Trainee: 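Below is the structure I would like to discuss, written out as structure tokens.
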Amino acid sequence: MASLKALKIRINSVKSTQKITKAMKMVAAAKLKRAQEAAEASRPYAERLEAVVSSIASKVSVGPQSPKLLAGSGKDQVHLFVVATSDKGLAGAFNTNIVRLARRRALELQAEGKTVKFYTIGKKGKDQLARTFRNDIVHMVEPGDLGKLGFEQVRDWGADLTARFEAGEFDVAHLFFSKFVSVLTQEPTEIQLMPVALSNDNAPAGAAASVDYEPDEEEILADLLPRNVAVQLLRAQRENAASEQGSKMTAMDNATRNAGDMINKLTIQYNRTRQAAITTELVEIISGAEAL
Amino acid sequence: MALHFELVTPERLVRSEEVHMVVVPGAEGDFGVLEGHSPMMSTLRDDAVLQVWTSAGGAPETITVAGGFAEVSGKGLTVLAESAA
């Protein structure tokens, strides 16, 4: 049985761990609020841009001259997975869930005989993917603190991705991130980044027929499509930032509770041991006295 | 009489209000948008100045936008810009 002193040290160490996890939970809660606001603030832009892009795209006939981002490369062989995770751990299964979805989809595509490449955003995702797909990671970026990420930075990634797409490095790009549903639920999500996936339902058919375009549709589209890529990336980062904090909050709450349970258990053990020592001592004294 | 004007950046919804007129620096020339303007879409010049009249007469308020795009529809004028100051 552990000595009294060892138990006491153990209890104290669990107590300080509990203090740390509790503080981390509170920090996450404060950051979550800001991240959530940022995620919501970036939604109007993404939604409007998407509506505009699909309404123009529905009017442009896809031909050999149309932008590659709209028409695609005409092939479906090489897939690029843009996996957005975070640089930091201690956020429960946040990073793992995103990577798991990406890995499952990658294996599916590989089974169909396609080539899958990875473009990772975030250190954690890269580390986890490197275990299975070490040689397929074409590029990696580290975003740092997701909450402080600005549009300029994301736009550079978008430009990089667009350039790679134009150069024919891949045919289809998918974006993986974690969608923030609530503090308790974050959904790993996949969207098609390139070529643009069009949802036809929000394009007003008759009403927009008489719209004037300045310059013409194709030029506007050529301007908007790369921007759309950047905006989708930004949206993914914002959603990720909120999800990360939500996930971290839950994970740290659990850790705090577990530490509490452990302290209780150890305290009971400590008291029992102390009692046993006292009893032994008494028995020794009494039997010693009786022997006289 | 009022035009619904919205200015949106990726970071946030900057403006959403009723104004009198907005002069938009389009890629092919400036154009003024009043209520009931026919639907149109235009890209904006880089680092151009948006002039907003909240009421008829008076001095316009100026907003510098970069990397923008304007859409006029039945619902009003929406300007999507990468940055606005």
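Chain naming here is simple, since letters A, B, ... match the order of the sequence lines and numbering starts at 1 in each. Note that the structure is a prediction, hence the values are computed from the model and not measured.
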Trainee: With a 4.5 angstrom heavy-atom cut-off, could you sort out which part of Arg155(A) is near chain B: side chain, backbone, both or neither?
Mentor: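 Only the side chain of Arg155(A) comes within 4.5 Å of chain B.
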
Trainee: Considering non-hydrogen atoms only, spot the tightest contact between Pro10(B) and Leu234(A) and give its length.
Mentor: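 Heavy atoms only, the tightest pair is CB-CD2, 3.5 Å.
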
Trainee: Select one option (side chain, backbone, both, neither) describing which atoms of Ala81(B) are under 4.5 Å from chain A's heavy atoms.
Mentor: backbone

Trainee: Relative to chain A, which segment of Glu71(B) carries a heavy atom at a distance below 4.5 Å: side chain, backbone, both, or neither?
Mentor: side chain

Trainee: Can you tell if the side chain of Glu47(A) reaches within under 4.5 Å of the side chain of Val8(B), non-hydrogen atoms only?
Mentor: no

Trainee: When rounded to the nearest 0.5 angstrom, what distance separates CZ in Phe69(B) from CG in Leu224(A)?
Mentor: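 Phe69(B) atom CZ to Leu224(A) atom CG measures 4.5 Å (nearest 0.5 Å).
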
Trainee: Arg43(A) versus chain B, heavy atoms under 4.5 Å apart: side chain, backbone, both or neither?
Mentor: neither

Trainee: Can you tell me which portion of Glu82(B) sits under 4.5 Å from chain A's heavy atoms? Options are side chain, backbone, both or neither.
Mentor: both

Trainee: Side chain, backbone, both or neither: which part of Thr43(B) has a non-hydrogen atom closer than 4.5 Å to chain A?
Mentor: both

Trainee: Identify the residues of residues 24-35 of chain A whose heavy atoms come closer than 4.5 Å to a heavy atom of chain B, ordered by number, or report 'none'.
Mentor: none

Trainee: Side chain, backbone, both or neither: which part of Ser73(B) has an atom under 4.5 Å from a heavy atom of chain A?
Mentor: neither

Trainee: Contact part of Leu49(A) toward chain B, heavy-atom cut-off under 4.5 Å: side chain, backbone, both or neither?
Mentor: both

Trainee: Give me the atom names and distance for the closest heavy-atom approach of Met41(B) to Ile220(A).
Mentor: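 Minimum heavy-atom contact is O-CD1, 3.9 Å.
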
